[in-house]
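Values reported hereafter were calculated over all heavy atoms of this structure, with side chains retained and with hydrogens, waters and symmetry mates removed. To find a chain, count down the sequence lines: A is the first, B the second, and so on, and within it residues start at 1.
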Number of protein chains: 2
Amino acid sequence: MAEKQVSRRTKRTRKLIEDALMSLMLEKRYDKITVQDIIDRADVGRSTFYAHFDGKEDLLTSDFEQLFSSLSQQMDTDQGDNNEVFSTTDLFKHIQAHHGLYKALVWGRGVALIFKQGNIILSRIFERRLIRLVDDGEELKVPIPVLANHLAGSFLTLLKWWLDNNMPHTPEEMDEMYQNMVLPGVWGSLGRES
Amino acid sequence: MAEKQVSRRTKRTRKLIEDALMSLMLEKRYDKITVQDIIDRADVGRSTFYAHFDGKEDLLTSDFEQLFSSLSQQMDTDQGDNNEVFSTTDLFKHIQAHHGLYKALVWGRGVALIFKQGNIILSRIFERRLIRLVDDGEELKVPIPVLANHLAGSFLTLLKWWLDNNMPHTPEEMDEMYQNMVLPGVWGSLGRES
DNA sequence: ATTAAATCAAACAAAATGTTCATTTATGAA
DNA sequence: TTCATAAATGAACATTTTGTTTGATTTAAT
């Protein structure tokens, strides 16, 4: 995997631009932000911007993917014992640590991306975990993909609520609520007792 | 409430434009659609468009509000007996009836709007229903607003899955899955047995 | 048939997006 | 430190999209 060779100058510039977008996103809706705004804030030439990104869209996805890939990586190593197959404490912690960033994303067009990309990534993770729990051929009240989708969606919904309300609870408390609301239904749908 | 006096001609034109946007949204992402696209499709003059709407944004919210207001109205009259406080069959039916429209909305920028506006409207409804179920002062594992948010979010997540997968189940089946996944957690969080 | 409202096309101004290029600046390898 | 070169600059430019204005036409209600 040939490490992409990037000069520190390039790295710095990219970071300048990315940070500019983030800071702007805290102030106004993504679709109201122009490229001009970004390069003004980043104090970077117009041509420089286009040398690095194809446009606003590209910039946003770049930011976002970076963020979520570190997260999904963490969740994947982090298997958890059987009692905590669906623990989200670490997720909430990760997000608390980067909450400025996430908050920015949860605003404007960010919501769409979070709910799309985030759902895809999390669903995949939950699906893998669910499959380990059921014997194949087993008849379920709710199909696995729907369950996985539900687990991911519920998490993201709760996450959004948390961020929208300035994180009034600890990650542990949030996880507890999540477990309370979601687990009974999941176990039931799998035909298990909690 | 003086009924707004609109000529049928105006109504027709507005509908032409609204339909044009809908049909375009099935083809490409909302933010890639230009006003030019819309008026070409609607076969309507540029000035006419701006006579009716402030811009694309205005048009979309107009479409959306119209759709969701009829829905929330229906849900509000439709109280349901105690066993079906959280029945969503009618919701799924309503959406099936307008699925072209919803599918369009669930695409591009629509997702953001659905998950924002839709969540607000549904949360309000669920919150009212939840309040009727608990004695005040009662200590809950999960606060009512969080529960309401969860109910709304789970519904919208499931709805999106349904539409994304070309509605492979009947509204009744979808509602059953919804109940299976969501109710046990809600009753548990309220400190009740199902 | 008359009239007022609504639509039209076409031409604008203004804003935002991308591209190009000659010039300057910083980087890292020698 | 030196120096070749990769990267950033900014200013000019073409293009696209937006939103407004005009005055000529069409349409629908009385």
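Although no hydrogens or angles enter the test, the distance criterion places no donor-acceptor pair under 3.5 Å between the side chain of A:R132 and the main chain of A:L130. No donor-acceptor pair under 3.5 Å is formed between the side chain of B:K141 and the backbone N or O of A:M177. Proximity of a side-chain donor or acceptor of A:T157 to a complementary backbone N or O of A:G153 within less than 3.5 Å is detected. A donor-acceptor pair is defined here as one N or O able to donate and one able to accept, closer than 3.5 Å; no such pair exists between the side chain of A:Y30 and the backbone of A:L24.
Counting to the nearest Å, the C1' atom of D:dT16 and the CG atom of B:D31 are 16 Å from each other. Nucleotide D:dG10 holds its P atom 12 Å from the CD atom of A:Q36, rounded to whole Å. What separates CZ of A:F53 from C1' of D:dA8 is a distance of 14 Å, to the nearest Å. Rounded to an integer number of Å, the gap from B:I38 CD1 to D:dT17 C1' is 12 Å. The distance between atom CG of B:L16 and atom P of C:dT7, rounded to the nearest whole Å, is 10 Å. Atom C1' of nucleotide C:dA5 and atom NZ of B:K11 are separated by 16 Å, given to the nearest angstrom. Put simply, CZ on B:F49 is 14 Å from C1' on D:dT20, counting in whole angstrom units. Rounded to whole Å, atom P of D:dT16 lies 13 Å from atom CG of B:D37.
In this structure, B:L133 CG and B:L147 CG are separated by 10.5 Å, a value rounded to the nearest 0.5 Å. To the nearest 0.5 Å, the span separating CD1 on B:I131 from CZ on B:F126 amounts to 14.0 Å. In this structure, OG1 on B:T34 lies 11.5 Å from NZ on B:K32, to the nearest 0.5 angstrom.
Using five terminal pairs a side, the axes of the helix from C:dA1-D:dT30 to C:dA30-D:dT1 at its two ends make an angle of 40°, given in steps of 10 degrees.
Residue pairs satisfying the salt bridge (charged side-chain N to carboxylate O under 4.0 Å, His left out) criterion with at least one member in residues 166-178 of chain A, sequence neighbours excluded, are listed as follows: A:K93-A:E172. For residues 133-156 of chain A, every residue pair satisfying the ring pair (Phe, Tyr, Trp, His ring centres under 6.0 Å) rule, not counting sequence neighbours, is listed here: A:F92-A:F155.
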Could you list, one pair per line, each protein nitrogen or oxygen that sits under 3.5 Å from a nitrogen or oxygen of nucleotides 28-30 of chain D, together with the distance?
| unit_1 | atom_1 | unit_2 | atom_2 | d |
| --- | --- | --- | --- | --- |
| D:dA28 | OP1 | B:R12 | NH2 | 2.9 |
| D:dA29 | OP1 | B:R8 | NE | 2.9 |

Polar pairs (N or O, both sides) under 3.5 Å between protein and nucleotides 9-15 of chain C?
| unit_1 | atom_1 | unit_2 | atom_2 | d |
| --- | --- | --- | --- | --- |
| C:dA9 | N6 | B:S47 | OG | 2.9 |

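Not counting sequence neighbours, the partners of B:A20 by the side chain to side chain contact (heavy atoms under 4.5 Å, CB included) test are B:I38, B:R41, B:A42.
Side-chain N/O atoms of B:H52 include one lying less than 4.0 angstrom from OP1 or OP2 on C:dT7. Taking side-chain N and O atoms only, A:Y50 has a distance below 4.0 Å to OP1 or OP2 of C:dG18.
Between the side chains of B:T10 and B:T13, no donor-acceptor pair of N or O atoms lies under 3.5 Å.
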